Each structure stands twice: as C-alpha cells, then as structure tokens.
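Treat the numbers as computed from the prediction; the structure is a model and nothing was measured. Every chain is numbered from 1 and lettered A, B, ... according to where its sequence line falls, protein lines coming before strand lines.
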Amino acid sequence: GESVGLHLPTLSVQEGDNSIINCAYSNSASDYFIWYKQESGKGPQFIIDIRSNMDKRQGQRVTVLLNKTVKHLSLQIAATQPGDSAVYFCAEGDQAGTALIFGKGTTLSVSS
Amino acid sequence: DTEVTQTPKHLVMGMTNKKSLKCEQHMGHRAMYWYKQKAKKPPELMFVYSYEKLSINESVPSRFSPECPNSSLLNLHLHALQPEDSALYLCASSQGQGIVWTEAFFGQGTRLTVV
C-alpha cells in the first residue's frame, strides 16, 4: 500500500538551533497527519497532529506545516534542546483507514 | 490518565514456548492496535481491534494470535516463534479512526527476544 516517508534519515543540530524534519506522503486521500517522537527503548510519544483542512498548526516549541499540493509535511522544533534527541516519525490516516501508517523516521541528534 | 500499559517490558522465549503479551488502557478508547518494530525501522501494523472486534489482520503469521477480552485489554499470544520475530511489540489505542482520526497513544512496548 501507499506509505509515508521521510527525506533524511539523520539530522544533526547544535543546541539552540531550529530543526526542520521533513516528510513526504503519497496517499492523496490522507486527511490526518501526526508526528511522534521515539526515544531509545520507549514507545512513540505524540507531539502534534494536523488535519487536511489546515496548513499550519503550532504547539509548544513545535510547528507542523502541511503542503497538500506537493504532499509534504514538516515538523519545526524551535530552540532545539539535547532532550529533543530522538527518532521522529510522521504517520498518516485516511477516512477509509483503521490504523495510522508510519513513515521511515529521522534521527535527530542535538549537541550542546 | 493517558497511559497505555504493556507487560512484560522484556521477554526472552524459546522457539517452542507459549507466551502472552498484555496491554491495558483506561481511556475509554474503542480502537486498539498491535504494531511490531524492528531496530531502526518504523512501527509496522499487525492487528487492529475496533469495538472489541478484529478489523484488520495485516497478513500476520498464525503463530501470533491476538485477543481482546474487553474494551480495556488487548493480548497477543505467541507460539512457536522464530528468531526473526525478535522485535519491540507496541500496543496503542485511539478514540477515533477513519472518519474522525484522533491521536493514538502508545505503550512502552515489550522487547521480545526469541532464542
């Protein structure tokens, strides 16, 4: 089936920088998108989600942008901290679906 | 309480053993999921239960047998596993799916090693 993918497997930033993690999706019927953070040895943790009727949503230090024209999703983390080091996954759902489908993941490394 | 609890956290089993993984949530979610995650890979969907009925089985081998005894509990029964089945097994639950999605909450997973 169709799947969600991420552009870069790894991203290294300095503490205090802004981070941008990208994701491309192929299912044009997807109408729900979500970002998860997964630390080593733990389960995925919800960060932020967005529905297809929006193009931007902000949380605390995080912003998700959705570009439906090019089927692109991004997660922006402001003032990245060492505690943000983890693997980040995007996932999608469509109206016919019964489960979220995950993309490949980007490992974010933050050095101080 | 936004917690999904999985037990055990770690499990080592032989190829002839029978074991069960357990998952519990008290958020009133009616959709529950099993995902399998290999190292450095995204979670892969195995099973979906919706209102305590199995709605999705993603071509999972019969040595994995899910069970949903009630709306709060989800089990995964394991029998005659292979070493390649070693992975992190994640349980998740969500309030909404399909027409109105909501976020899925994940447990911490069971790290399974088959020897």
Side-chain angles (χ1 to χ4, degrees), chain A residues 1-10 21 23-25 27 29-54 57 59 62 64 66 86-109, chain B residues 2-7 9-10 21 23 25 27 29-51 53-60 66 74 87-111:
Chain A
E2 293 176 294
S3 62
V4 178
L6 283 165
H7 290 299
L8 292 175
T10 61
I21 300 172
C23 177
Y25 65 95
N27 184 0
S30 292
D31 57 3
Y32 178 74
F33 303 89
I34 186 168
W35 283 99
Y36 284 95
K37 172 186 179 183
Q38 188 174 24
E39 296 174 282
S40 181
K42 297 186 177 181
Q45 178 185 0
F46 168 77
I47 302 173
I48 193 167
D49 58 3
I50 189 168
R51 301 187 191 279
S52 59
N53 60 352
M54 303 173 69
R57 192 169 188 217
V62 295
V64 56
L66 175 63
V87 181
Y88 289 80
F89 293 102
C90 62
E92 63 175 332
D94 64 32
Q95 289 196 5
T98 56
L100 296 172
I101 303 302
F102 281 75
K104 293 179 183 173
T106 290
T107 300
L108 176 65
S109 299
Chain B
T2 58
E3 196 170 304
V4 175
T5 303
Q6 289 187 244
T7 55
K9 287 186 168 50
H10 300 274
L21 309 185
C23 175
Q25 58 89 13
M27 294 177 277
H29 291 172
R30 304 316 295 261
M32 296 187 76
Y33 313 85
W34 281 115
Y35 283 84
K36 173 183 177 180
Q37 187 177 29
K38 301 284 272 186
K40 301 188 185 302
K41 298 290 187 182
E44 292 181 7
L45 182 66
M46 298 176 72
F47 301 105
V48 180
Y49 273 84
S50 182
Y51 289 86
K53 292 186 178 177
L54 183 65
S55 61
I56 292 283
N57 174 341
E58 288 287 329
S59 302
V60 179
L74 188 65
L88 181 67
Y89 288 84
L90 293 162
C91 173
S93 71
S94 68
Q95 180 60 38
Q97 54 180 181
I99 299 297
V100 182
W101 279 104
T102 59
E103 69 268 33
F105 292 88
F106 282 81
Q108 295 299 293
T110 293
R111 175 70 61 189

**Student:** Do you know which of A:Leu100, A:Asp49, A:Val87 has the most heavy-atom pairs under 4.5 Å to chain B?
**Tutor:**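 The option with the most such pairs is A:Leu100.
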**Student:** When you compare the side chain of B:Ser50 with that of A:Thr98, does any pair of heavy atoms fall below 4.5 Å?
**Tutor:**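 With C-beta onward as the side chain, the pair stays apart.
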**Student:** Which distance, rounded to the nearest 0.5 Å, do you find between the CH2 of B:Trp101 and the OG of A:Ser30?
**Tutor:**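 Between atom CH2 of B:Trp101 and atom OG of A:Ser30 there are 9.5 Å.
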**Student:** Would a 4.5 Å heavy-atom cut-off, applied to side chains only, mark B:Phe106 and A:Lys42 as touching?
**Tutor:**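 Of all side-chain heavy-atom pairs linking A:Lys42 with B:Phe106, none is under 4.5 Å.
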**Student:** Heavy-atom distance under 4.5 Å to chain A: side chain of B:Glu58, backbone, both or neither?
**Tutor:**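 Neither the backbone nor the side chain of B:Glu58 comes within 4.5 Å of chain A.
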**Student:** What are the two closest non-hydrogen atoms of A:Pro44 and B:Leu90, and how far apart are they?
**Tutor:**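 For A:Pro44 versus B:Leu90, the nearest heavy atoms are CD-CD1, 3.8 Å.
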**Student:** Are side-chain heavy atoms of A:Phe102 and B:Lys41 found at a separation under 4.5 Å?
**Tutor:**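 Not touching, per the 4.5 Å side-chain cut-off.
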**Student:** For a quick test of reading the model, state the closest non-hydrogen atom pair linking A:Tyr32 to B:Thr102 and the distance between them.
**Tutor:**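 Shortest heavy-atom contact: OH-C, 3.3 Å.
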**Student:** Got more than 12 heavy atoms from elsewhere within 6.0 Å of CD, B:Gln95?
**Tutor:**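 Buried by this count: over 12 neighbours within 6.0 Å.
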**Student:** Please report the shortest heavy-atom distance between B:Val48 and A:Ala99, naming the atom on each side.
**Tutor:**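 Scanning both residues completely, I find the closest heavy atoms to be CG2-CB, 3.7 Å.
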**Student:** With a 4.5 Å limit on heavy-atom distance, are the side chains of B:Pro43 and A:Tyr36 in contact?
**Tutor:**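 Result no, sub-4.5 Å side-chain heavy-atom pair not found.
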**Student:** Please look at A:Gln45 and chain B and tell me whether the side chain, the backbone, both or neither of the residue comes under 4.5 angstrom of a heavy atom of that chain.
**Tutor:**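 No part of A:Gln45 comes within 4.5 Å of chain B.
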**Student:** Minimum heavy-atom separation for A:Phe46 and B:Glu103, please, with both atom names.
**Tutor:**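 In terms of heavy atoms, the two residues are closest at CD1-CB, 3.5 Å.
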**Student:** Based on non-hydrogen pairs under 4.5 Å, which of B:Lys9, B:Gln6, B:Gln37, B:Arg111 is most in contact with chain A?
**Tutor:**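 Going by pairs under 4.5 Å, I would pick B:Gln37.
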**Student:** Measuring heavy-atom distances to chain A, does B:Ala31 have an atom under 4.5 Å in its side chain, in its backbone, in both, or in neither?
**Tutor:**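 Neither part; nothing is under 4.5 Å.
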